[in-house]
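Each remark here refers to the structure printed beneath this line.
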Amino acid sequence: MADMKPYKPSDIEAKWQQTWDETKLYRAVDDDSRQKYYYLVEFPYPSGDGLHVGHVRSYTALDIMARHKRMQGFNVLYPMGFDAFGLPTENYAIKHKIAPQLATSKNVANFERQLKALGLSFDWYRAVNTTDPEYYRWTQWIFLRLLEKGLAYQDEIAINWCPFEKTGLANEEVVNGRHERCGTVVEKKLLKQWMLKITAYADRLIEDLKTVDYSDRIASQQVNWVGRSEGAEIDFTVDGEKITVYTTRPDTLPGATFLVLAPEHKAVAKITTKEQQAKVEEYVTATQSETEVGRQEADRPKTGVWTGAYAKNPLTDEKMPVWIADYVLAGYGTGAIMAVPAHDDRDEAFAKEFDLPIKVVLEDDVVMMAGDFKGMNSSEAKVAITKKLEADGIGRKAVNYKLRDWIFSRQHYWGEPIPVVHCAKDGVVPVPDDQLPVTLPKVEFYEPTETGESPLAAIADWVNTTCPKCGGPAKRETDTMPNWAGSSWYFLRYIDPHNNKVFADPEKLKYWLQVDLYNGGMEHTTLHLLYSRFWYKFLYDEGLVPTSEPYAKRRSHGMILGPDGRKMSKSIGNVINPDSVVERYGADALRLYEMFMGPFEDQTAWSDERLNGVSRFLYRVWMLAQDLIANDRQSEVVAGDAGEFALSVDRQTHKTLKKVHHDIESMHFNTMVSALMEYINFLTSAKTRSELVKPENADLARRTVRSLVLMLAPSVPHMAEELWHQLGEAGSVHVAGWPKYDPELVKDDLVEIIVQVNGKLRANLVLPVDATNDELTEAAQADEHVAKYLAKGEVVKTIVVPRKLVNFVVK
RNA sequence: GCGGAUGUGGUGGAAUGGUAGACACGCUAGCCUUAGGAGCUAGUGGGGGAAACCCCGUGAAGGUUCAAGUCCUUUCAUCCGCACCA
């Protein structure tokens, strides 16, 4: 064909991106006349490295879902923004001596360019940036609400301190005793810190998972992280000093032969005898100088020292020596345990090391001793012993969590200032709401200070202010918030991004929430996801948001590994840059390839060969479409082409429509692409294609290519839009109606029936779909090949599954 | 140790308890062409056979069932998260 247009992604992609932008095609409307869908992807940190192919996987998947819903007439919100506070930018600013504000805007511009080049249907009008004072004004506002309710508080605690970045860290940022970002061995440092009481929500953060649809691995990681356990507290008296232990196994109390306290336990100094004092002090000093890394070494031999004191087992009246050892953690439970060496591996190792008694109390889960409790099973004994302790006033049921309160202070410049002032007279005074935002001052140096104070502390005219309460001199808080602050509520701001009266209009919140689907990386499961659920629940308790959970559904895309199967990293040099893929193959090919790679939630390695295969597929689609469009243009439309051939093509079309529709809804993007490929294979087979280009099939060609373009639109938006216009359509394919499959056309007249003898396949028959069981059996028996096997014995049973199979059981 | 996920060709993977290997990559042979990251045709789990066809085959071992990749039990391996959390 002389006028056939070649497929050149670079010719069409930028063109349509610009048109979509100009026509505001993807703006979400705040009306409630249509059903809404809110699709959310984690907004990126705009690093200097630019977009990662992992971002593309997440954003494309939900883009496909958003486009699919939009085509079905729903009101779709699919927003994007930037989580731009954080240390990499601050470090970049220090190194290059430019303001973090400038570095951020440069990186944001680059990310925007990259995202737009992918043809993602974000509503850019709603874009947010956490470093924008008009945004962090509300981050500060929420902090003040937490402060009002006592959920933000200051505490002098031994925090995780990164000596390289000179900042405090949350527990969540410490991995194996090292700072997860820079790998520096974390030290302990006593500092006054702002804390958020996430532990007040521990139970609800677990319980309410029942009301939402999270992938198993996400939900279980959250449950583990909160780490709820049930047991009992038991009070022991040592030299008049009360020592309370926590145990999940009160049933083993008869087997408790000694107590162990953490070296940091407050009672240690009081109960230590004179004879043991020197040894105890030496041990305490030694454990304090140990780093977290040292304390966490695997298979570390148990160490400890006896305090010289004794407690008494309330059930057996036996004397229990009281030891201190660093295998007992000060920060968990009560910082003290009753040791049951017979039923706990750690206690056993300790008992063996120091030659302490080991007393077995349970065998086969049944209590073997201790009078009243003898013969009970473990769970009965737990209840009974706890009750007895309660009656005696020396114990009670108790619950513990691994979750710690969230350390909310950072000693850095590039974060939201914590909006309080310190007044000599009034103490901590919140900055009044109408004076928000407390903005970051412009400074020349961003380096953290050696003392552990934020660089803000050095800016006298910013720090020195007046007390909002008494008008006297006061100093501003110089700590800033962690980078997790802004991202804890950004999805609320998208709903009403330009509101300067409230963080978002309650009516709009009511309309758009919950987020219908939230996708993001697994690495954010225990940090961001938990934090944002906490903030949201707090806002719910304040009556500021309409539902108890923010996200109805959470999924996590699998990581894309480098072509070598290893995690992509700059130092290995196996990073794939989306820009170069777009340049070479086009955004549509990149998008479709990332969907075709494998199951969405599984990790998988990058492959240039397979990307190329997807690109080839798109060329074939294009060429076929050109043929069909040409036929449609050149031919008079002939009415009534409902022959056998047309029916077979329509059937294939509608089967594919059905498959594509359901695969998008269930996020089976890889099989959606397969279905499209099968469809194209069918249409381009020599026989089908030669018929489709005949003038008498012009009408069929037209409706086929229309359906094809529509079903491709969510996945390859640029090519679909271009073809749509070649078809003579004026509007955008992305707001054209999604083609519903016809259930009648999805059904077949004839179906393949498999015939088995003793479960083994012996024949394939093509029979009418409505054949009765008897007819199926008859046809199966009549098959020559089957008959041979039937003759070998006696048919004792015949199983018929309509439209599927006949199985003869022959003996 | 605890929790979660996953084991299917040379590779990525597909299969409401009902034809294992769809779709794709790679490979082989042939064709075509202004030689390309192009297109077309055929083949491609293992074994046997000229063929028809037969046997074997979803980490391993049992079991349930007319029928198991799929359900149950045991077990092994890999990956992820947490980890001296009492």
Side-chain angles (χ1 to χ4, degrees), chain A residues 6 175-176 215-225 227-229 231 245-249 252 256 260 262 295-300 302 325-329 331-340 343-347 349-350 400-404 522-523 525-526 556 558-559 565 584-585 593 596-599 601-617 619-620 623 668 670-681 684 686 752-764 785 788 796-801 803-810:
Chain A
V175 176
N176 296 327
S215 304
D216 286 348
R217 57 179 181 159
I218 300 172
S220 75
Q221 259 189 49
Q222 291 221 335
V223 170
N224 284 346
W225 191 265
R228 182 192 156 93
S229 70
V245 305
Y246 172 72
T247 178
T248 55
R249 297 290 307 275
T252 62
V260 188
R295 261 177 102 150
Q296 285 177 5
E297 265 166 28
D299 297 327
R300 193 159 163 270
K302 293 278 182 290
D326 67 1
Y327 84 92
V328 174
L329 307 174
Y332 181 77
T334 59
I337 63 155
M338 62 176 205
V340 186
H343 302 290
D344 182 282
D345 292 343
R346 296 153 302 180
D347 296 345
F350 192 80
N400 255 300
Y401 304 92
K402 293 185 199 173
L403 185 70
R404 298 277 87 96
M522 271 316 280
E523 70 276 20
T525 303
T526 50
S556 212
M559 206 196 305
R584 201 156 179 176
Y585 295 92
Y593 165 62
F596 187 55
M597 296 183 99
E601 297 209 74
D602 291 2
Q603 72 169 29
T604 166
W606 185 268
S607 158
D608 280 329
E609 288 83 3
R610 286 175 193 140
L611 165 63
N612 194 43
V614 170
S615 171
R616 278 203 301 249
F617 164 74
Y619 275 92
R620 293 206 297 142
M623 297 311 285
H668 293 142
N670 57 329
T671 51
M672 172 200 75
V673 179
S674 298
L676 290 168
M677 286 173 166
E678 279 182 79
Y679 183 51
I680 292 301
N681 287 347
T684 56
E752 238 180 283
I753 302 292
I754 56 166
V755 183
Q756 300 177 329
V757 178
N758 291 335
K760 290 204 175 192
L761 177 72
R762 296 303 175 193
N764 253 316
H785 194 62
K788 258 194 313 199
V796 294
K797 198 171 179 183
T798 306
I799 291 102
V800 183
V801 182
R803 294 190 293 275
K804 276 258 166 66
L805 66 69
V806 180
N807 186 15
F808 296 104
V809 185
V810 175

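Throughout, protein chains are lettered first and strands after them, A, B, ... in sequence-line order, and every chain is numbered starting at 1. If you're wondering where the values come from, they're calculated on a predicted model, not measured in any experiment.
- Residue A:Gln756 places a side-chain atom within donor-acceptor reach of the base of B:G18, judged by atom type and a 3.5 Å distance cut-off alone.
- At B:G4, none of the side-chain N or O atoms of A:Ser215 fall inside 4.0 Å of OP1 or OP2 (strictly under the cut-off).
- Nucleotide B:C27: paired with B:G43 (Watson-Crick or G-U wobble, both distances less than 3.5 Å).
- With no hydrogens or angles considered, no side-chain donor-acceptor pair links A:Ser607 and A:Tyr593 at under 3.5 Å.
- Residue A:Ser615 is classed as having no contact, given no heavy-atom separation below 4.0 Å to the nucleic acid.
- Pairing for B:A14 is absent, with no Watson-Crick or G-U wobble pair whose two atom distances lie under 3.5 Å.
- B:A52 is unpaired under the criterion used here, namely a Watson-Crick or G-U wobble arrangement in which both key atom distances are under 3.5 Å.
- Searching all strands for a Watson-Crick or G-U wobble partner of B:A86 with both distances below 3.5 Å returns nothing.
- Judged by distance alone, with hydrogens and angles left aside, A:Lys804 brings a side-chain donor or acceptor within reach of the base of B:U16, the pair sitting under 3.5 Å.
- For A:Ile754, the listed nucleotide lying nearest its side chain is B:U19; candidates were B:A24, B:U19, B:A86.
- Scanning atom types as modelled, one donor and one acceptor separated by under 3.5 angstrom connect the side chain of A:Asn807 and the base of B:C66.
- B:G69 has its base anti relative to the sugar, with a glycosidic angle deviating from 0 by more than 90°.
- Side-chain contact annotation: A:Ser674 with A:Tyr679, donor-acceptor N/O pair under 3.5 Å absent.
- Close to B:A86, at under 4.0 Å from its OP1 or OP2, lies a side-chain N or O of A:Tyr332.
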Could you list the protein-to-nucleotides 56-59 of chain B atom pairs, N/O on both sides, closer than 3.5 Å?
| residue | atom | partner | partner atom | Å |
| --- | --- | --- | --- | --- |
| B:C56 | OP2 | A:Lys760 | NZ | 2.8 |

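- Taking the nucleotide of RNA chain B with the nearest heavy atom to each of A:Asn670 and A:Ala336, the more 5' of the two is matched to A:Asn670.
- Out of B:A67, B:A24, B:U19, the shortest distance to the side chain of A:Met677 is found at B:A24.
- For B:C84, its base sits under 3.5 Å from the side chain of A:Lys302 at one donor and acceptor pair at least.
- Taking 4.0 Å as the cut-off between side-chain N and carboxylate O, A:Arg217 and A:Glu601 count as a salt-bridged pair.
- Distances were taken from every side-chain heavy atom of A:Ser674 (C-beta onward) to each of B:A86, B:C23, B:G13; the shortest belongs to B:C23.
- For A:Arg762 and B:C54, the shortest distance from a side-chain N or O to OP1 or OP2 is below 4.0 Å.
- Of all nucleotides listed (B:G18, B:A86, B:G12), B:G12 comes nearest to the side chain of A:Thr604.
- Within 4.0 Å (heavy atoms only), A:Asn764 reaches at least one base atom of the nucleic acid.
- In this structure, of B:A24, B:G81, B:A86, it is B:G81 that holds the atom nearest to the side chain of A:Asn224.
- Taking the side chain of A:Thr671 as heavy atoms from C-beta on, and the options B:A14, B:G81, B:U19, the nearest nucleotide is B:A14.
- With A:Ile754 as the fixed residue, the side chain to side chain contact (heavy atoms under 4.5 Å, CB included) test singles out one of A:Asn764, A:Val801, A:Val806, A:Asn807: A:Asn764.
- Remark: B:A38 base-pairs with no nucleotide; criterion is Watson-Crick or G-U wobble with both hydrogen-bond distances under 3.5 Å.
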Dump the pairs, protein N or O against N or O of nucleotides 25-28 of chain B, anything under 3.5 Å, distances to one decimal.
| residue | atom | partner | partner atom | Å |
| --- | --- | --- | --- | --- |
| B:C25 | OP1 | A:Arg616 | NH2 | 2.4 |
| B:G26 | OP2 | A:Arg616 | NH2 | 3.4 |

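- Summarising the base pairing, B:G81 is matched to B:C2 through a Watson-Crick or G-U wobble pair whose two defining distances lie under 3.5 Å.
- The partner of B:U33 cannot be assigned: no Watson-Crick or G-U wobble pair with both contacts below 3.5 Å exists in any strand.
- The side chain of A:Trp225 sits closest to B:C82 out of B:C82, B:U19, B:A86.
- Comparing A:Lys788 and A:Ile799, the nucleotide of RNA chain B nearest to each residue sits closer to the 5' end for A:Lys788.
- Of the candidates B:C66, B:A24, B:A22, B:C66 carries the atom nearest the A:Val809 side chain, counting heavy atoms from C-beta on.
- Applying the 4.0 Å criterion to OP1 and OP2 of B:C54, one finds that A:His785 has a side-chain N or O inside that range.
- A distance of about 14 Å separates the P atoms of B:U8 and B:U78, rounded to the whole Å.
- Figure legend. B:G62 is base-paired to B:C72; pairs are counted as Watson-Crick or G-U wobble with both atom distances under 3.5 Å.
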